[in-house]
Amino acid sequence: DMEVDSTENEVASIALHPLTIVHMSDQFTRITCGGSPLAPDAPVVGLLFGSVDESKALQIRDADDIPTELSDTTKVQVDLHRAVFPQHTVVGWYRVSGAGDEPTPSDLQISQQLKQHYAPSSAFCFCLLQVTDQDQKPSSALSIGDGPSTMQEELPINLYELHTVDGNSILLGLSNWQLETSEPERIAVERVMKEQPPDAAKTNAYTTQMKSMQHSL
């Protein structure tokens with residue numbers, strides 16, 4: 001039988017907030033539609049921000065397109081995010097991929113490096129957001145009118161956490177997560193989903209609006 005470690009920083013549950021999905025989707029749209037200085041086929045990756053609450057639930061509240069490389073520039077970007085949202089810490093990272101994609105050895109290596117740097121003694125997740133094709137925005141799967149359980153079932157998202165199995169580090173798929181939203185978040189996301197801005201200028205505008213809404217939550 002496989003022996004899976006039981007880490008001290010294991011969380012009781014994980015709550016993924018919809019603004020996280022919106023920001024990952026926005027980054028994907030900007031890159032693939034030419035609204036970014038990056039090439040259309042550039043990797044869509046970034047950091048996840050949030051906190052662990054008193055009930056040991058990991059709250060993943062935001063995603064920011066900050067590079068996964070550890071550098072002085074990255075440190076400045078993380079510090080700027082935390083200056084706006086001081087209650088946030090880096091709780092993971094994400095990658096937007098094709099449908100059916102699985103975590104790669106590179107994902108495992110990046111997860112190990114980032115956890116050691118940002119969260120050596122606390123929970124740290126890897127989020128894989130999948131898209132079916134280049135014409136479908138990943139956020140299009142988000143149906144705000146449905147209940148939280150339905151929204152989770154429809155979302156092409158998988159969350160993973162670093163564990164040691166038989167002495168080897170792996171990314172273990174998590175099932176103890178749910179989509180959680182407040183009424184202000186629900187209204188903000190619903191408005192963004194209706195707008196679906198076609199160009200980068202509008203995309204940047206609605207991202208700013210979403211940030212403002214989150215700051216008021």
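Side-chain contact check for Q130 versus I157: every heavy-atom pair is 4.5 Å or farther apart. Contact check for F124 versus W93: side-chain heavy atoms found under the 4.5 Å cut-off. In this structure, the side chains of V78 and Y118 come closer than 4.5 Å at one or more pairs of heavy atoms. Between S13 and L58 the shortest side-chain heavy-atom distance does not fall below 4.5 Å. Contact annotation: the side chain of T68 approaches that of L114 to within less than 4.5 Å [non-hydrogen atoms, C-beta and beyond]. Two residues are said to be in side-chain contact when any heavy atoms from C-beta on lie closer than 4.5 Å; V91 and S51 fail this criterion.
The main-chain N or O of T104 is found under 3.5 Å from a side-chain atom of D107 such that the two form a donor-acceptor pair. In this structure, the side chain of T74 does not engage the main chain of L70 through any donor-acceptor pair within 3.5 Å. Proximity of a side-chain donor or acceptor of Q27 to a complementary backbone N or O of V45 within less than 3.5 Å is detected. A donor-acceptor contact shorter than 3.5 Å is absent between the side chain of S36 and the backbone of I31. In this structure, the side chain of K115 does not engage the main chain of A123 through any donor-acceptor pair within 3.5 Å.
Listed here is the closest heavy atom pair of V96 and M24: CG2-O, 4.3 Å.
The ring-ring contact (aromatic ring centres under 6.0 Å, His included) contacts involving residues 55-79 comprise nothing, where partners must be two or more places apart or lie in separate chains.
Ring geometry for H88 versus F85: interplanar angle under 30°, hence parallel rather than tilted (30 to 60°).
D101 pairs by the salt bridge (charged side-chain N to carboxylate O under 4.0 Å, His left out) definition with R95, not counting sequence neighbours. Considering only residues two or more places apart in sequence or on other chains, Q116 meets the side chain to side chain donor-acceptor pair (under 3.5 Å) condition with none of them. The side-chain contact (heavy atoms from CB on, under 4.5 Å) test applied to A15 returns H17, Q59, E180, not counting sequence neighbours. With sequence neighbours excluded, no residue forms a ring pair (Phe, Tyr, Trp, His ring centres under 6.0 Å) with Y94. For the salt bridge (charged side-chain N to carboxylate O under 4.0 Å, His left out) test, residues two or more places apart in sequence or in another chain that qualify with D79 are K75.
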